[in-house]
Q: 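Input: one structure, supplied below.
Position 1 is the first residue of the sequence, and the numbers go up from there. Note that the coordinates shown come from a computational prediction; the quantities given were computed from them, not determined experimentally.
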Amino acid sequence: MLVLVAPGQGAQTPGFLTPWLDLPGVRGALEAWSDAVELDLIRYGTEGDAEEIRDTAVAQPLLVAAGLTSAYTLFDDPAELPRKVGAIAGHSVGELTAAALAGVLPDEAAVRLVRVRGLAMAEATAATATGMSALLGGDPAVTIPHLEKLGLTPANVNGAGQVVAAGTLEELAALEADKPEGVRRVVALKVAGAFHTHHMAPAVDTLARAATELSPADPQLTYVSNKDGQAVATGAEVLARLVGQVANPVRWDLCMETFKELGVTALLEVCPGGTLTGLAKRALPGVKTLALKTPDDLDAARELIAEHASA
């Protein structure tokens with residue numbers, strides 16, 4: 001049982017797309033999507049510095065484009081993906097990647113929608129000075145009520161004890177001064193605002209309007225949602241959750257619980273992989289993991305698919 005996962009914002013690094021451009025079809029796909037969203041994905045993915053690609057409006061379409069192109073290089077025919085992958089999920093913006101790979105949205109429609117998402121979330125961050133901080137150590141059962149007491153949202157509950165808090169800069173400063181029991185450090189993240197909180201409500205409205213123009217198909221394989229870790233069977237429900245999730249916490253911990261229940265034996269993370277495989281190594285003992293970082297990882301990834309592909 002193989003699960004394919006797509007990372008979220010923060011996974012990108014300067015130049016990470018460069019080695020992928022030599023593979024057949026990758027440059028052409030990126031050029032077409034760049035034209036569709038009026039954003040030079042190739043330039044940002046090869047020449048953009050850390051500050052440029054941290055911009056929410058750039059990072060989100062860049063990540064989805066990278067995830068799609070790297071996933072398709074794994075198979076001789078894209079139609080093999082739903083036959084060999086048992087389940088699929090994405091973390092935050094990675095859910096758009098997963099939706100396209102599951103056949104819910106055409107690739108170009110997913111890239112267009114994520115461009116709207118990135119721009120809307122970037123605009124929402126300008127309204128109030130907000131941010132996000134990762135908590136190192138601690139027990140989520142203790143941490144989460146403490147965050148809520150301070151007015152903060154547990155925006156990412158990632159499993160393996162990892163929680164990310166989000167809220168106003170004043171609320172985050174209060175957290176620094178009043179850490180939950182067991183938390184060793186509070187580390188401010190280099191993000192533009194409090195994603196997956198009520199501060200993103202204006203972005204939800206914008207995304208909802210864009211979604212009305214789409215005709216989603218039902219997923220061709222098991223699609224696991226960030227909302228509650230549940231498998232979603234209809235394209236309409238997947239799209240509705242993609243819209244609402246912008247202002248609601250990412251429950252990656254529950255996604256991994258569902259992977260366990262499904263009997264997953266291997267987890268493969270598309271480019272730029274690493275973050276989700278790291279979480280899986282701690283939370284899913286015994287599950288084989290592999291992250292696609294460069295094309296050098298493709299042979300090992302194909303071997304993993306051959307060994308763990310769904311019947």
Side-chain angles (χ1 to χ4, degrees), residues 1-30 42 45-46 62-98 100-103 107 158-160 162 220-224 252 255-256 258-260 262-311:
M1 170 68 171
L2 173 68
V3 61
L4 193 68
V5 297
Q9 204 163 331
Q12 72 280 8
T13 56
F16 78 102
L17 273 184
T18 301
W20 294 93
L21 294 177
D22 294 331
L23 301 183
V26 170
R27 183 179 291 273
L30 291 172
I42 292 177
T46 59
L62 189 60
L63 284 164
V64 170
L68 293 176
T69 52
S70 63
Y72 291 136
T73 61
L74 292 167
F75 304 93
D76 294 329
D77 178 356
E80 291 182 75
L81 191 154
R83 293 199 297 266
K84 294 186 175 180
V85 175
I88 195 163
H91 188 286
S92 187
V93 71
E95 287 206 287
L96 270 292
T97 311
L101 294 174
D107 294 342
N158 287 329
Q162 188 183 106
Q220 298 172 20
L221 66 161
T222 301
Y223 178 97
V224 181
W252 191 251
C255 291
M256 290 196 291
T258 295
F259 299 161
K260 286 182 190 176
L262 290 171
V264 62
T265 57
L267 179 144
L268 176 57
E269 184 178 3
V270 299
C271 177
T275 303
L276 301 180
T277 50
L279 292 169
K281 285 175 182 176
R282 297 191 293 275
L284 299 172
V287 172
K288 196 164 184 179
T289 63
L290 192 147
L292 273 182
K293 297 180 180 179
T294 74
D296 291 342
D297 300 312
L298 285 171
D299 286 345
R302 290 172 182 138
E303 289 177 8
L304 187 77
I305 292 168
E307 183 181 352
H308 296 271
S310 299

Q: State, yes or no, whether a side-chain contact exists between Leu17 and Ile42 at a heavy-atom distance under 4.5 Å.
A: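 No, their side chains stay 4.5 Å or more apart.
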
Q: Identify which one of Leu4, Leu2, Leu290 satisfies the side chain to side chain contact (heavy atoms under 4.5 Å, CB included) criterion when paired with Ile305.
A: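 Result for side chain to side chain contact (heavy atoms under 4.5 Å, CB included) with Ile305: Leu2.
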
Q: Just wondering, do Asp107 and Tyr72 contact through their side chains at under 4.5 Å, heavy atoms?
A: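 In short, these two side chains touch, coming nearer than 4.5 Å.
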
Q: So, does Gln12 use its side chain to make a donor-acceptor pair with the main chain of Gly10 at under 3.5 Å?
A: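 Such a contact is found between Gln12 side chain and Gly10 backbone.
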
Q: Check Gly273 against Ala291 and note the closest heavy-atom contact, atom names and distance.
A: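 Reported closest heavy-atom pair: C-CB, 3.6 Å.
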
Q: Starting at CG of Leu268, measure out to CD1 of Ile88 and round the result to the nearest 0.5 Å.
A: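 The CD1 atom of Ile88 is 10.0 Å from CG of Leu268, to the nearest 0.5 Å.
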
Q: Mind checking whether Phe259 and Val5 have side chains closer than 4.5 Å, heavy atoms only?
A: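 Contact flag for Phe259/Val5 side chains = yes.
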
Q: Taking the side chain as everything from C-beta on, heavy atoms only, tell me whether Gln9 gets closer than 4.5 Å to Ser92.
A: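 Result no, sub-4.5 Å side-chain heavy-atom pair not found.
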
Q: If I compare all heavy atoms of Arg302 with all of Thr73, which pair ends up nearest, and what's the gap?
A: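 Answer, listing the atom of Arg302 first, then Thr73: NH2-O, 2.7 Å.
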
Q: If you define the side chain from C-beta out and look only at heavy atoms, does anything of Leu74 sit under 4.5 Å from Leu292?
A: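 The answer is yes, as the side chains (C-beta and beyond) meet within the 4.5 Å cut-off.
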
Q: If you compare all heavy atoms of Ala79 against all heavy atoms of Pro82, which two are closest, and at what distance to 0.1 Å?
A: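 That closest heavy-atom pairing would be O-CD, 3.3 Å.
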
Q: Is there a side-chain contact between Leu298 and Leu23, using heavy atoms and a 4.5 Å cut-off?
A: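 With C-beta onward as the side chain, the pair touches.
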
Q: Measure across Gly67 and Val270 and return the closest heavy-atom pair with its distance rounded to 0.1 Å.
A: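 Minimum heavy-atom separation between Gly67 and Val270: CA-CG2, 3.8 Å.
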
Q: Give the minimum heavy-atom separation between Glu269 and Thr277, together with the two atoms involved.
A: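 So the two residues come closest at OE1-N, 2.9 Å.
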
Q: Is there a side-chain contact between Met1 and Leu262 (heavy atoms, below 4.5 Å)?
A: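 A side-chain contact under 4.5 Å exists here.
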
Q: For a quick test of reading the model, state the closest non-hydrogen atom pair linking Ala89 to Ala98 and the distance between them.
A: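 Smallest heavy-atom distance, with atoms named: C-CB, 3.7 Å.
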
Q: State the CG-CG distance between Leu63 and Leu96, to the nearest 0.5 angstrom.
A: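 Reported to 0.5 Å precision, the distance equals 11.0 Å.
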
Q: Is any side-chain heavy atom of Phe75 less than 4.5 Å from a side-chain heavy atom of Val85?
A: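 Yes - at least one pair of side-chain heavy atoms lies under 4.5 Å apart.
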
Q: Flag yes if more than 12 heavy atoms outside Asp76 fall under 6.0 Å of its CG atom; otherwise flag no.
A: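 At most 12 heavy atoms, drawn from other residues, nucleotides or ligands, come within 6.0 Å of this atom.
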
